[in-house]
Structure formats: C-alpha cells, structure tokens
Undergrad: 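Below are the structure tokens for one structure; questions will follow.
Excluded from the calculations below are hydrogen atoms, water molecules and symmetry mates; all remaining heavy atoms, backbone and side chain alike, are included. Sequence positions, counted from 1, serve as the residue numbers for this chain.
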Amino acid sequence: MDTKTLTITKCQKGYSEGEFTPSDVVAALSKNINEKNDSLNAYLEVFEDVNEQIDNLGEQKGDLWGIPLGIKDNILIKGKTASGGSRILEGYTAPYDATAIKKLKNKKVLFLGRTNMDEFAMGSSTENSAFGSTKNPIDESRVPGGSSGGSAAVVAAGMAIAALGSDTGGSIRQPASLCGLVGFKPTYGAISRSGLMAMGSSLDQIGPITKTVKDTQILFDAMSGNDPLDSTTLPDDSFKDERKDAYTIGVPRDLIEQEGIDDDVLEQFNSSLESLKEKGHTIKEIDLEHADYALAAYYIVMPAEVSSNLARYDGVKFGLHEEGENLLDEYFKTRGVGFGEEVRRRIILGTYVLSSGYYDAYYNKASALRSTIRSEFDVAFKEVDAIATPTTPTPAFKIGEKIDDPLAMYLEDIFTVPANIIGVPAISVPSGTAKRDGVVLPLGFQLIAPHTHESTLFALGEDIEDGV
Ligand code: GLN
C-alpha cells in the first residue's frame, strides 16, 4: 500500500470494496512514521489510543469513516496534549474538543497524532517550534513551510491520509505549496474557531491539507457550519455549489511581478495560466493597487491581536509556571522563559502599535488600509470569478536560510496574506516544479474567490490538478 498517494476517496473505495480495512491503513502509515518521524520531526506525538479508536468505529458509514488524519498542535482534542508548539503550554491537556474536531469525531475520523508547528502559528518554516524544526520530506535540507509545516510533512511523507492546519496569513497554503499538496483557507467564519488557539482572531481559520482538491472539499463540508460557540461563524446556508464550465480569472500583474519572485516561479505561473486558457477559461489582467500593502497591514494587525490573545499565558491560568518574588515578577519570568524569540518580538510589536501614542499612526492606519484593500477586491470580483497568483515567490528554501532575517521570512506571505486580510477563501494547488541544487521541488498555484464562493475554487482547482 503506497500511503503517499492514498487519498480519502481511495480509502473510502478500498473500505467499501473490502480491499483493505482502517487497521491496514493505520499499519501502513505507522510503518512510515516509525521509519521517518525521528528524522522529519513532523509529529510531536503519535496517539497511543489509535487501535482503541479503530475498535470504536462501528459500522462503515459516510465519506470520512476510518480516515486517519494528523492534527496541528494548536487544535484541541479533548484529553490530549495541545502545546501550540510552545514551551509555555508543554504538557497542557485540552479540556474540550474544538468544534471542527467534534464534527470529525461524529464522522468517525481517526486521529493519528499532533503535528509540529511554528510556536503559536507564527512563522513560515516551522523553525520557530519550541520542539525543533520539521524537515521537508522532499528534500530534508529544506523547510516544509509553516506554520502548519508538520501537517504538510506528515501528508507528503505518507504518514497521514490528510491533515488539519490553521491559516492566519498563509500557514496552510504555503506549506502545502512547498510540499506538493493542496492547501485551503476557507472564507472567514466558514469553520468555527472554537478550540483553535487564537493567534490573530480576525484572520484565523482552520482548514485541510490534502493530496487532492476533492479530499479538501470533503473535509471542508464536514467541518464548516454555524456554531454558537463562535459568533463569527456564518449561517449554514451561506455556501452554494454553483459550478460553471468556464470562469474569468483575474491576474494582478503589479502584485505578482515584483522583486523577490524567482524567474522560474513566474514562468511556471504563466504557463499554468496558458493551460487554463486552453481549457476554456478567460484570463484578464486586473489592477489591485494596494494589494501589496496587505503584508504591511498584516504585520500591524496580526501582532496587535497576538499581543492581546497571548496575554492569557501568564503562568497562572495555563501551562508553565515560574516562581517569582511577586505576581508581576512571575508573569515576567514565565513569559520570558516560556515564549520563543519570534513570539516575544510580535508581542512587543503588537503592544507598541496599540499603545495610546501610536494607535492612530499604526493600528488605525492598518485598519483603514484593510478596508481599502477589501473595496479593491470587491471591484475586481465584479469582473472576475477568481484571482490567481503563485502561492509563494520561491520554492522550499533551506533550513536556516531565512531564520535570522525576519523580514525575508515575512515576504514569504506576500501572495497569501491578502485573502486573510479581507476574509475571502483561497486554495493552493500543486502546479509545476522548479529545480534547486539538482532537486525537483513543487510549486503552488493560488486561486482566491469572493466570500463563500468556495465552489469556484474547488472547480478551478480540479482543472489545475487535471494537468495544467
Ligand atoms: N507566516 C505568517 C506569519 O508568520 C502566517 C502565519 C499563519 O498563517 N499562521 O504570521
């Protein structure tokens, strides 16, 4: 059994036709885990109760029955450790299930383990994990992307059928792209954030990393829906499946063709567009004048929300506690020891942009910019059904290459961040490759659609998958 190519739909078929059982699939995945995880460091923990979960599956029912998934370490599964890739939560046990997990439990999914990530989802390479970096299974000298790098690596290495990640500025799409997988960030409010550790609450979404667009759609359908525990979730009837045969795809050349994008990445992107044209779709150049300021707005809004969300880790309420001379001293000591460098950098930045003297100069400006960008996309979406960009400006980079240069690392998100800033859905689908040091590395093609138009992304994503 080749677990690297085994998809949710293939598993379902194999189960229905009696070709193999969930135990067989878990055994094949476990073999890979035993062989590769020590070196990849993709799972932080493989759950000991997987056999018990198999025993409790009951009769085969539905499209996710007995499908083994990896879960990012910031999504709560009741009774399991959830550390958010941070020392401050090392050994913290989740007291309840995230709503997305509850829905998957009802569908009889199997939970294989929790996957490595950048601390509290801050990063683009999984090098910011307190528990060591994850390696890219395609080339172990390279990063798998981040922050959901562990989730992408377990799927690419045949150590899970699919996985869940979270995306605040690209953390599902970028690692999926760097590992040759499909990564999807749903419309803001499509999937409940209850039980997802908050990073930037106005930007965060849970989403799948899979081998096919169809698998992504299956997981999206299972996890989405209104939830009284998250007041930002949309009504259940928000999503309509309105597929068309031909779409108009907008290309924001000013955003794409800038310094920092590799020549062969641009070439591959253009040739994917040509193939979409051959399939009957229309390509149209569009103007998104302020889209490349989305990254600047993101690096104000996100740290502001981070500084507020992470205030709860004070050494008293959760996880790590360091003794001090008084309460304030304990806060300082616990947070000083428990948080890594990137997290501390963002808390300081966020506190600064929210401070009374600078609030208007930074936070308010970024919020205003966010509205401007939203209006520009609204105008564009009157003329086009979706907007296309490469997912990342480069293929997977070397471990250590960008870790000492935060700005270079932040530029990884230049194409993915706009979708979070305005809350629209976006998908990354593998399309073509680029060679670096003799190794063939995957590239991703990103499509962005208007709010709740996920069906456009699934339809176009399948076209790309079919050989663009
Ligand atoms: N790489 C981005 C950041 O560091 C995005 C992170 C994410 O989507 N969680 O903030």
Side-chain angles (χ1 to χ4, degrees), residues 44 71-102 114 117-123 128-131 147-148 164-169 171 188 191-206 227-233 298-356 359 363 420:
L44 291 176
I71 307 295
K72 188 173 179 179
D73 191 34
N74 61 351
I75 302 173
L76 305 194
I77 307 177
K78 189 177 177 179
K80 306 269 192 241
T81 300
S83 71
S86 181
R87 282 268 171 249
I88 215 160
L89 281 182
E90 194 172 7
Y92 170 73
T93 304
Y96 62 94
D97 279 325
T99 299
I101 294 293
K102 213 181 293 163
R114 55 190 177 92
M117 56 182 281
D118 285 302
E119 185 173 7
F120 288 115
M122 299 177 205
N128 293 335
S129 168
F131 307 106
S147 63
S148 315
L164 296 192
S166 66
D167 193 311
T168 305
S171 277
Y188 183 76
I191 295 176
S192 171
R193 287 176 295 113
S194 174
L196 168 68
M197 288 176 197
M199 176 183 164
S201 308
S202 73
L203 308 153
D204 299 337
Q205 270 293 285
I206 291 175
D227 180 14
L229 297 176
D230 174 359
S231 61
T232 63
T233 47
Y298 173 79
Y299 274 96
I300 302 284
V301 171
M302 173 273 296
E305 295 185 13
V306 159
S307 72
S308 157
N309 276 326
L310 269 61
R312 74 192 66 178
Y313 305 110
D314 57 5
V316 179
K317 300 186 197 73
F318 302 92
L320 186 78
H321 171 79
E322 290 287 321
E323 288 295 327
E325 278 166 25
N326 52 45
L327 191 59
L328 194 62
D329 192 39
E330 295 196 345
Y331 290 166
F332 280 133
K333 287 210 167 106
T334 305
R335 289 165 69 83
V337 171
F339 287 139
E341 198 178 314
E342 183 62 23
V343 170
R344 279 180 285 152
R345 179 183 295 123
R346 294 193 193 195
I347 291 172
I348 292 167
L349 188 61
T351 309
Y352 178 80
V353 300
L354 288 178
S355 60
S356 59
Y359 192 94
Y363 185 76
N420 302 75

Undergrad: Can you name the side chain to side chain contact (heavy atoms under 4.5 Å, CB included) partners of Ile77, sequence neighbours left out?
TA: Phe47, Ile71, Lys80, Asp97, Ile101, Lys105, Phe111
Undergrad: Say you draw a straight line from CZ of Arg312 to CD1 of Ile88; how long is it, rounded to the nearest 0.5 Å?
TA: 12.0 Å
Undergrad: Thr99: which residues meet the side chain to side chain contact (heavy atoms under 4.5 Å, CB included) condition with it, sequence neighbours left out?
TA: Lys103, Ser192, Ser194, Asp227, Leu229
Undergrad: Quick check against the 3.5 Å criterion: does Gln205 have a side-chain atom that pairs as donor or acceptor with the backbone of Ile191?
TA: yes
Undergrad: Counting N and O atoms only, with roles assigned by atom type, does the side chain of Asn74 sit under 3.5 Å from a partner on the main chain of Met197, one being a donor and the other an acceptor?
TA: no
Undergrad: Just to verify, what does Asn128 make a side chain to side chain contact (heavy atoms under 4.5 Å, CB included) with, not counting sequence neighbours?
TA: Asp118, Glu342, Ile403
Undergrad: Strictly distance-based, threshold 3.5 Å: is any side-chain N or O of Ser86 a donor or acceptor partner for the main-chain N or O of Glu119?
TA: no
Undergrad: I'd like to check Val306 versus Met199 (side-chain heavy atoms, cut-off strictly below 4.5 Å). Are they in contact?
TA: yes
Undergrad: Quick one: does Asp204's side chain have a donor or acceptor within less than 3.5 Å of a partner on Thr168's backbone?
TA: no
Undergrad: How long is the span from the OG atom in Ser307 to the CE atom in Met302, to the nearest 0.5 Å?
TA: 10.5 Å
Undergrad: State, with a plain yes or no, whether a side-chain heavy atom of Leu320 is found less than 4.5 Å away from one of Tyr313.
TA: no
Undergrad: Taking all atoms of both residues into account, what is the closest heavy-atom pair of Ala82 and Leu76, and its distance?
TA: CB-CD2, 3.7 Å
Undergrad: Ignoring hydrogens, what is the shortest heavy-atom contact between Tyr363 and Val301? Give both atom names and the distance.
TA: CE1-CA, 4.3 Å
Undergrad: What pair of heavy atoms forms the shortest contact from Val353 to Ile300, and how long is it?
TA: CG2-O, 3.9 Å
Undergrad: Is a donor on one side and an acceptor on the other found under 3.5 Å between the side chain of Ser201 and the backbone of Ala198?
TA: no
Undergrad: Give me each pair satisfying side-chain hydrogen bond (donor to acceptor under 3.5 Å, both in side chains) with a member in residues 330-340, each pair once, sequence neighbours excluded.
TA: Asp329-Lys333
Undergrad: Side chains of Arg114 and Thr81: does their closest heavy-atom pair fall under 4.5 Å?
TA: yes
Undergrad: According to the ring pair (Phe, Tyr, Trp, His ring centres under 6.0 Å) rule, which pairs have a member within residues 332-353, sequence neighbours left out?
TA: Tyr352-Tyr358, Tyr352-Tyr362
Undergrad: With no hydrogens and no angle check, is any side-chain donor or acceptor of Asp73 less than 3.5 Å from a backbone partner on Gly85?
TA: yes
Undergrad: Show your reasoning for whether side-chain contact (heavy atoms from CB on, under 4.5 Å) applies to Leu203 and Tyr298.
TA: CA-CA 9 Å; Leu203 308 153; Tyr298 173 79; 3.9 Å; yes
Undergrad: Which atoms form the tightest heavy-atom contact between Leu44 and Ser83, and what is the distance?
TA: CD1-OG, 4.4 Å
Undergrad: Against Ser171, only a single residue in Ser166, Ser148, Ser147 fulfils side-chain hydrogen bond (donor to acceptor under 3.5 Å, both in side chains); can you say which?
TA: Ser147
Undergrad: Taking ring pair (Phe, Tyr, Trp, His ring centres under 6.0 Å) as the cut-off, I'd like each qualifying pair that reaches into residues 76-100, sequence neighbours left out, listed once.
TA: Tyr92-Phe318
Undergrad: I need the minimum non-hydrogen distance between Leu354 and Tyr359, along with the two atoms involved.
TA: O-CD1, 3.5 Å
Undergrad: Going from CD1 on Ile206 to CG on Leu164, what distance comes out if it is rounded to the nearest 0.5 angstrom?
TA: 7.0 Å
